[in-house]
**Student:** 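Before I ask anything, let me first share the structure, which is written out below as structure tokens.
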Amino acid sequence: KAGVTQTPRYLIKTRGQQVTLSCSPISGHRSVSWYQQTPGQGLQFLFEYFSETQRNKGNFPGRFSGRQFSNSRSEMNVSTLELGDSALYLCASSLRSAGGRVQYFGPGTRLTVL
Amino acid sequence: DAKTTQPNSMESNEEEPVHLPCNHSTISGTDYIHWYRQLPSQGPEYVIHGLTSNVNNRMASLAIAEDRKSSTLILHRATLRDAAVYYCIPITQGGSEKLVFGKGTKLTVNP
């Protein structure tokens, strides 16, 4: 089975622009979560989608948004980019299991804001 | 969210066992202990999880204390590929998919 894929892998934007990142989950997985990783704050949860509905949201400003499509693919959007948005954005998909949730992560999109 | 405490860093030699500790004294009775690791320049990957009893898989073993306030991830024979940051994460069964990552333990494996 193919793993989680994220596009693009690298992105350079300037302040004030907006950006859209894409994530394709493992086939059959219906839950997609997004995380931001920075050297200062570590890995932080952004939001989770299941069956096209946002189930949970982290403590990020409204400039960060996302959506999920009927085929479970997901996108996240960041508007009015700030320098502090430079980070590795990770997507994870999961197959709900009885014992907990194993999440499978993609390689991430490295966003640099200049 | 249950709070976890892990050493910032640990060092091991190749082919030797490694014991990575995690303290999670505020864990609730239904929280599973999950371990993930993140190799350099990659996304995190699942390692193992358990509830009460010890667990083994092809990657590692997980030893959970009887009072469940701590656990230890055991790599039986460390390889250079095991050099990574290891995170222990309590997850509430039936709860949110959200993973709360702490700072983790950076494992260095010496050849």
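Bear in mind that the values here come from a model prediction, so they are computed numbers and not experimental data. The sequence lines fix the lettering, A, B, ..., with proteins before strands; numbering per chain opens at 1.
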**Student:** Indicate the atoms forming the closest heavy-atom contact of I91(B) with L99(B), along with that distance.
**Tutor:** CD1-CD2, 3.3 Å
**Student:** Check whether L90(A) gets within reach of chain B through its side chain, its backbone, both or neither, counting any heavy atom under 4.5 Å.
**Tutor:**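 Looking at L90(A), just its side chain touches chain B.
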**Student:** Please flag which part of Y35(A) lies under 4.5 Å from any non-hydrogen atom of chain B: side chain, backbone, both or neither.
**Tutor:** side chain
**Student:** So, the side chain of R68(B) versus the backbone of L51(B): is there a donor-acceptor pair under 3.5 Å, distance only?
**Tutor:** yes
**Student:** Other residues, nucleotides and ligands only: do more than 12 of their heavy atoms fall within 6.0 Å of CG on N59(A)?
**Tutor:** no
**Student:** Which one of G102(B), S41(B), G43(B) has the most heavy-atom pairs closer than 4.5 Å to chain A?
**Tutor:** G43(B)
**Student:** Decide, yes or no, whether a salt bridge links D82(B) with R37(B) under the criterion of side-chain N to carboxylate O below 4.0 Å.
**Tutor:** yes
**Student:** Q37(A) versus chain B, heavy atoms under 4.5 Å apart: side chain, backbone, both or neither?
**Tutor:** side chain
